[in-house]
Q: 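Structure provided below as structure tokens; questions to follow.
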Amino acid sequence: MIDKCITLLQTHGVSSLTKLRKIHAFSIRHGVSISDAEFGKHLIFYLVSLPSPPPISYAHKVFSKIEKPINVFIWNTLIRGYAECSLNYSVSAVSLYRQMRVSGFVEPDTHTYPFLLKAVAKMADVRLGETIHSVVIRNGFGSLIFVQNSLLHLYGNCGDVMSAYKVFDEMSVKDLVAWNSVINGFAENGKPNEALALYTEMDSKGIKPDGFTIVSLLSACAKIGALTLGKRVHVYMIKAGLTRNLHSNNVLLDFYARCGRVEEAKTLFDEMVEKNSVSWTSLIVGLAVNGFGKEAIELFTNMESKEGLLPCEITFVGILYACSHCGMVKEGFEYFRRMREEYKIEPRIEHFGCMVDLLARAGQVKKAYEYIMKMPMQPNVVIWRTLLGACTIHGDSDLAELARMQILQLEPNHSGDYVLLSNMYASEQRWSDVQKIRKQMLSDGVRKVPGHSLVEVGNRVHEFLIGDKSHPQSDEIYAKLKEMTDRLRLEGYMPQISNVYVDVEEEEKENALVYHSEKIAIAFMLISTPERSPIRVVKNLRVCADCHSAIKLVSKVYNREIVVRDRSRFHHFKDGSCSCLDYW
DNA sequence: AAATGCAACG
């Protein structure tokens with residue numbers, strides 16, 4: 001009878017939880033004891049093998065009924081189950097491993113450590129990882145490639161790329177998984193150049209990349225807006241024959257959108273043979289952050305009419321983002337309602353954040369505040385910062401002060417909030433308040449994040465800081481800046497120096513002309529690139545109002561399309577106007 | 001027996 005039950009598990013077990021429950025009930029009816037290790041082993045195995053997340057408490061119940069001592073396979077399977085569940089369960093995987101050690105009956109084997117390390121990687125606990133690493137070596141498993149690969153993943157996930165690289169360097173045999181893991185480690189930790197260098201090395205050894213390799217490299221480039229690097233990866237992707245790989249295409253789409261190349265993203269989307277809801281969502285979000293809200297919504301309408309495509313919560317974040325950044329307040333509320341009622345998606349704090357932004361950005365800051373007060377969850381620092389940002393733009397200093405007090409409690413020492421408030425006071429010519437904020441910044445030991453702008457010419461990236469004079473062509477750049485300002489004045493440009501003024505250090509204020517980094521970068525591009533060619537700037541902070549109005553005019557006067565990637569979004573400047581329609 | 005993408009605000 002037990003053999004029959006096991007056969008049943010083997011033939012139907014992989015399909016569904018309902019089937020497994022039925023087989024379990026069947027076995028009880030026919031007198032097969034759950035404490036029988038052979039049957040219990042199979043049942044746990046199939047439970048844990050169900051698509052994620054596995055029914056772990058059910059599996060654990062079966063586990064606890066199995067007669068002692070429990071063999072190592074069963075221990076491993078349950079550890080694996082916990083490792084594949086959400087983060088909260090990773091701790092249980094570790095404590096299960098400890099129980100196994102103290103039970104004294106079995107020793108961990110070669111399978112135990114990859115499962116355990118997976119759980120520790122999820123926890124991103126580098127100290128625990130190091131401890132287990134030394135245990136692994138002591139037990140003689142340190143030279144097994146799958147254990148080493150697990151270690152690579154662990155260190156990468158903990159942000160300790162140097163330890164990952166050390167493990168990698170000492171591996172005598174490196175398979176594609178090892179290369180992917182270490183490349184992903186660098187890519188995920190903001191080191192796309194290193195990731196790409198490793199890729200080049202891998203390529204020179206004749207190892208072919210797969211979809212994972214491409215995804216790691218491209219998402220790293222997307223994060224930092226490295227268009228030239230990413231384009232190189234696109235070429236590798238073509239060379240490796242991965243142009244039909246869905247994941248790679250999705251991330252390529254995201255990459256182009258995140259580099260401001262909306263046309264390329266759209267073309268790619270149209271040409272993709274296989275598309276899933278992630279592809280649609282990526283383009284919707286891409287259009288939204290690039291300021292093409294109307295197009296994002298059009299695409300969403302299109303998506304709704306397609307069979308078998310369901311928008312998810314992220315799709316709605318994109319849609320609500322599109323509405324808030326285009327001033328479509330009424331539409332935003334309507335989509336929020338439909339998300340809950342038609343799609344049964346419970347709004348998360350991100351969605352409420354969009355709604356606060358929707359009201360606040362449209363100037364209804366008081367209503368936004370009331371909305372925050374009525375939210376079913378505790379507002380986080382992002383929500384308050386949204387309100388603060390809108391208050392500084394719409395000049396509600398009382399509410400701005402209130403929002404800042406909330407932020408100060410949740411996250412002290414964040415320079416951006418001081419700067420926002422100080423800029424608002426400056427725009428109202430409340431210089432004593434500006435001084436007060438600046439003094440407070442000094443006494444609180446808060447240092448402003450210096451603004452910088454990156455531009456690419458050919459294969460080189462040039463970086464400019466505020467008032468930067470370190471570039472070898474500095475004289476030419478400043479001559480161009482002077483000419484630029486003169487020509488803009490003729491077009492009616494009035495410099496609003498207040499934003500710049502509070503940004504610079506006391507000594508520098510004596511120099512009459514201090515330019516924000518984006519202006520310097522644009523002047524540099526005007527002299528370094530052919531006429532009419534588009535200019536891309538990646539900035540680490542938000543563009544100030546003065547630079548924004550200046551760049552609008554530059555796009556007209558110099559007949560250049562200028563794309564500025566902000567800290568949070570894109571501005572496409574063309575013929576004297578911006579895709580954000582000054583709605584930011 | 002390692003592993004993938006899209007996410008509000010700043």
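Keep in mind that the numbers below use all heavy atoms, side chains included, and drop hydrogens, waters and symmetry copies. The sequence lines fix the lettering, A, B, ..., with proteins before strands; numbering per chain opens at 1.
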Q: Starting at atom CG of A:Leu309, determine the distance to atom C1' of B:dC6, rounded to an integer number of angstrom.
A: 14 Å
Q: So, for A:Trp280 and A:Phe300, is the gap between ring centers shorter than 6.0 Å?
A: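 Ring-ring flag for A:Trp280/A:Phe300: false, centres at least 6.0 Å apart.
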Q: As a test of reading the structure: which of B:dA3, B:dC9, B:dA1 is closest to the side chain of A:Thr110, going by heavy atoms?
A: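 Within the option list, the nearest is B:dA1.
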Q: What pairs of residues pass the salt bridge (charged side-chain N to carboxylate O under 4.0 Å, His left out) test when at least one of them lies in residues 272-295 of chain A, not counting sequence neighbours?
A: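 Only A:Lys266-A:Glu295 qualify under salt bridge (charged side-chain N to carboxylate O under 4.0 Å, His left out).
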Q: Measure CG/A:Leu388 against P/B:dA8 and give the value in whole Å, please.
A: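 Distance check: A:Leu388 CG to B:dA8 P gives 18 Å.
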Q: What integer distance in Å separates A:Leu410:CG from B:dA8:P?
A: 19 Å
Q: Using a cut-off of 4.0 Å on non-hydrogen atoms, how would the nucleic acid contact of A:Ser279 be classed: base, sugar-phosphate, or nothing?
A: base
Q: Before we go on, tell me: are the rings of A:Trp75 and A:Tyr97 under 6.0 Å apart, centre to centre?
A: no
Q: Measuring from the side chain of A:Ile314 (C-beta onward, heavy atoms only), which nucleotide among B:dT4, B:dC6, B:dA8 has the closest atom?
A: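 Nearest to the side-chain atoms of A:Ile314, counting from C-beta on, is B:dC6.
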Q: By side-chain contact (heavy atoms from CB on, under 4.5 Å), which residues pair with A:His133, not counting sequence neighbours?
A: A:Ile137, A:Leu151, A:Tyr155, A:Val167
Q: What residues, two or more places apart in sequence or in another chain, satisfy side-chain contact (heavy atoms from CB on, under 4.5 Å) together with A:Asp254?
A: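 By the side-chain contact (heavy atoms from CB on, under 4.5 Å) rule, A:Asp254 matches A:Ala222, A:Arg258.
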Q: Verify side chain to side chain donor-acceptor pair (under 3.5 Å) between A:Arg361 and A:Thr386, making sure each step is shown before the conclusion.
A: CA-CA 9 Å; A:Arg361 203 177 280 268; A:Thr386 306; over 6 Å; no
Q: Using a 4.0 Å heavy-atom cut-off, does A:Arg80 contact any base of the nucleic acid, only the sugar-phosphate backbone, or nothing at all?
A: nothing
Q: Which pairs count as ring-ring contact (aromatic ring centres under 6.0 Å, His included) when at least one residue sits in residues 347-370 of chain A, sequence neighbours excluded?
A: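 Those involving residues 347-370 of chain A are A:Phe336-A:Phe352.
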Q: Hey, does the side chain of A:Tyr113 come within less than 4.0 Å of B:dA2's phosphate (OP1/OP2), counting only N and O?
A: no
Q: Take the protein atom CE of A:Met237 and the nucleotide atom C1' of B:dT4, then report the distance between them rounded to whole Å.
A: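 Distance check: A:Met237 CE to B:dT4 C1' gives 13 Å.
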Q: Below 4.0 angstrom from OP1 or OP2 of B:dC9, is there any side-chain N or O of A:Arg361?
A: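 It does, given that an N or O in the side chain of A:Arg361 lies less than 4.0 Å from OP1 or OP2 of B:dC9.
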Q: Tell me, please, which residues at least two apart from A:Asn139 pass side-chain contact (heavy atoms from CB on, under 4.5 Å).
A: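 side-chain contact (heavy atoms from CB on, under 4.5 Å) list for A:Asn139, sorted by chain: A:Arg101, A:Tyr113, A:Val135, A:Phe141.
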Q: Give the rounded distance in Å between these two atoms: NZ of A:Lys118 and P of B:dA2.
A: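 About 6 Å, once rounded to whole Å.
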Q: Give A:Val177 one of three labels, base, sugar-phosphate or nothing, depending on what nucleic acid heavy atoms sit under 4.0 Å from its own.
A: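 Base, at least one base heavy atom under 4.0 Å.
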Q: Could I get the full list of side-chain contact (heavy atoms from CB on, under 4.5 Å) partners for A:Glu401, not counting sequence neighbours?
A: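 Partners of A:Glu401 by the side-chain contact (heavy atoms from CB on, under 4.5 Å) criterion, ordered by chain and then number, come out as A:Arg404, A:Met405, A:Leu421, A:Tyr425.
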Q: State which of B:dC9, B:dA1, B:dA2 makes the closest approach to the side chain of A:Phe146.
A: B:dA1
Q: So, using salt bridge (charged side-chain N to carboxylate O under 4.0 Å, His left out) as the criterion, who are the partners of A:Arg340 when residues are at least two apart?
A: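 Residues passing salt bridge (charged side-chain N to carboxylate O under 4.0 Å, His left out) with A:Arg340: A:Glu346.
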Q: Across the strands shown, which category fits A:Asp254 at heavy-atom distances under 4.0 angstrom: base, sugar-phosphate, nothing?
A: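 Answer is sugar-phosphate: A:Asp254 comes under 4.0 Å of backbone atoms only.
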Q: Send over the distance from A:Asn189 CG to B:dT4 P, rounded to a whole Å.
A: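 From A:Asn189 CG to B:dT4 P: 14 Å.
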Q: Whole angstroms only, please: what is the CG-P distance between A:Leu358 and B:dA8?
A: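 That distance rounds to 15 Å.
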Q: Give, ordered by number, those residues of residues 280-301 of chain A having at least one heavy-atom distance below 4.0 Å to an atom of DNA chain B; if nothing qualifies, reply none.
A: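 Nucleic-acid contacts, sorted: A:Thr281, A:Ser282, A:Val285.
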Q: Between B:dA8, B:dC9, B:dT4, spot the one nearest the side chain of A:Phe212, thanks.
A: B:dT4
Q: Rounded to whole Å, please give me the gap between CZ in A:Phe141 and P in B:dA2.
A: 16 Å
Q: Using a 4.0 Å cut-off on heavy atoms, which residues in residues 150-174 of chain A reach DNA chain B? List them by number, or say none.
A: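 Only A:Ser150, A:His153 qualify.
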Q: Does A:Asn249 reach a base, just sugar-phosphate, or nothing at all? Heavy atoms under 4.0 Å.
A: nothing
Q: Starting the side chain at C-beta, find the nucleotide from B:dC6, B:dC9, B:dA1 nearest to A:His325.
A: B:dC9
